[in-house]
Amino acid sequence: MIAKQLLRAVHEVGLTAGISIICVATVNGQSIRPPIGTPLPDPPQVVTSFELQAINDPATGKGAFVFEGHEVPPVVRAVPGGVIQLEYVNQMSRSSSEVCVDGPCTNMTNLHFHGLHVSPEAPGDDVLTMMAMPGESLHYTVDIPADQPPGLYWYHTHPHGESYQQALDGMSGAIVIDGMDRYFPEIKNMKEKILILRDAELKEGDPSSALLTGAVELAPYSCGAATGKATRVFTVNGVARPKIAIAYGEKQFWRIVNASPDLYADLEVDSESMTVVALDGMPLTYHDPKRHTEELRHVLLAPAGRVEVIVKGPMPGRATSLRSLCVNTGADGDPNPAMVLADLDTNAEEAVPTHSLQAGPYDKAIYKPLPNHVRNRLERSAPDFTVKFSEDKNGFYINDRKFFPDAEPMTRVKVGTYAHWRVTNATNEIHPFHIHQVHFLVYGRAGVPLRRPEWMDTVNLAPKESLDLIMDFTDRIIRGLSVFHCHLLSHEDKGMMATIRFE
Ligand SMILES: [Cu+2]
């Protein structure tokens, strides 16, 4: 109730002032607060050739991306078979006010193109040797294969030891590989909305933090086994609880990425199921032409996860919101309470005209069924490789080792093959497993087949859970040294990452 009153007050202040941005920038350590309750902004879009600058925001000192003079990272739109050309200029300061794992952040930075089946070597999706210190630049040429599944991907920085802080500051953006309508022609006539979930930090005793928690109706009670207070809420395209314009009964195509370094989103639209068409950029039908969409009441998006859904506008008189439900992160996990992410608003104006889907160069949908004999063989075989996540007071480990850049690769795999991997979580908190450049089929839990196997590039592991995966190493372009890691980026920074050689 109080939350609703607060939100109303916020709206009224905004209306009276004739402006939409409420909270004011303050100096001396207080951050600039995101706008609350305004229409969902549509991020700018670029088609594959552009310059991006990394800076420190002059008011807050936080890391930020600048594109065409504004601190709004663009959505990169590309097609299968296309190329992303990106000049990445590090203009961050040489002395940082932010603290990373090993002391003050050095502001080194680079980029990862999360989920794309591209080369892990320079000048592509290389997070190991490509690194820009302040004053330096990197030129990326990312060749996208012709059979890249069309869908939602994203780019974010990946400097080991500083990934968490840069992701938390919002140094990330969406990538859309066009052509989803080849698989689901019905989306061609729908408005597309790209929703990027990031974080706004809460500070004890800070009045604008109270406004934020009220606005998103942050659940005051702890949930699950985690203890302590939530320190963050989600924003959507930089706004806390934006309004998403949608007409009664109108179907829209929403592409949602969780760009938080460590908050989980268990997404639900009130009183409606969501029609899921793709997970982690992968159309559900990509490996199975007979499969179409999936009606789900809620979808868990681990940090870095994406989902693409068809959402229907609410019936008259029914207030409908997009929410994140409570996520039980485990006894050693961080609190991840329920909150409202956005409101579906049948009266709201579109913030700016939405763009239409771009057609790819290919007429037909490409499918890549997993051969039955391969699947049967791998599912019955012992794992080719096991990943064990563990932690203690000194750090976070994969197979009892902390990441060390000069170490021998933890594993080597043959390009052109599929492999059975088992990922296990020996800790009392959840961790999302991610491997660069590769999608995998999550098909079993503790040796028992899952009812609904899914292809993903980031999968959550519950405490003490063990999952069986079929890794797709068949893309010939993916060759060289790469990494797999926990996508709770503070864990990655503290060692939960390892190298793999595709050879
Ligand atoms: Cu982790």
Side-chain angles (χ1 to χ4, degrees), residues 100-102 112 114-115 127 154 156-168 172 197-199 224-228 230-232 257-266 280 300-306 324 326-336 385-405 407 410-411 421-436 438 440 442 445 456-469 482-500:
C100 288
V101 168
D102 297 319
H112 168 47
H114 188 118
V127 299
W154 66 300
H156 61 90
T157 69
H158 212 293
H160 180 65
E162 311 202 354
S163 291
Y164 168 81
Q165 191 59 52
Q166 292 187 9
L168 181 61
S172 60
L197 310 184
R198 296 198 183 88
D199 309 76
T227 51
T231 55
R232 244 84 69 45
V257 49
N258 182 359
S260 168
D262 57 4
L263 270 184
Y264 283 70
D266 193 359
D280 286 355
L300 180 69
L301 273 198
R306 289 89 65 212
S324 176
C326 161
V327 177
N328 183 0
T329 57
D332 290 342
D334 297 321
N336 206 120
F385 182 65
T386 298
V387 174
K388 183 185 77 180
F389 284 152
S390 63
E391 62 187 60
D392 61 23
K393 62 181 192 315
N394 298 313
F396 294 80
Y397 312 89
I398 292 182
N399 295 350
D400 304 315
R401 277 159 58 179
K402 273 189 185 183
F403 176 73
F404 182 64
M410 186 176 277
T411 186
W421 279 28
R422 181 165 291 160
V423 225
T424 64
N425 177 1
T427 76
N428 289 313
E429 66 172 315
I430 59 181
H431 303 270
F433 167 80
H434 169 56
I435 180 166
H436 287 202
V438 169
F440 43 79
V442 187
R445 176 181 292 117
M456 309 177 90
D457 61 34
T458 309
V459 66
N460 184 50
L461 282 160
K464 310 296 184 194
E465 189 174 46
S466 155
L467 293 175
D468 286 289
L469 319 178
S482 191
V483 294
F484 52 95
H485 61 91
C486 171
H487 223 290
L488 296 183
L489 294 179
S490 61
H491 296 181
E492 184 249 287
D493 280 345
K494 292 174 188 162
M496 214 174 234
M497 179 155 83
T499 49
I500 174 171

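Ligands are counted one by one from 1 in listed order, and the atoms in each one are counted from 1 as well. Because the structure is predicted, anything quoted here is derived from the model rather than measured.
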State which residue, out of Val442, Leu469, Asn425, fulfils the side-chain contact (heavy atoms from CB on, under 4.5 Å) condition with Phe433.
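One option only clears the test, and that one is Leu469.
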Of the non-hydrogen atoms in Val387 and Phe484, which two are nearest, and what is the gap between them?
CG2-CE1, 3.9 Å
Salt bridge between Asp334 and Arg232, side-chain N to carboxylate O under 4.0 Å?
no
For the Cu ion (ligand 1): the N/O/S atom of His431 at shortest distance
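Within His431, restricted to N, O or S, the Cu ion (ligand 1) is closest to atom ND1.
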Closest His491 atom to the Cu ion (ligand 1) [N, O or S only]
ND1
Are Tyr164 and Lys494 close enough that some pair of their side-chain heavy atoms sits under 4.5 Å apart?
no
N/O/S from Cys486 sitting under 2.8 Å away from the Cu ion (ligand 1)
yes
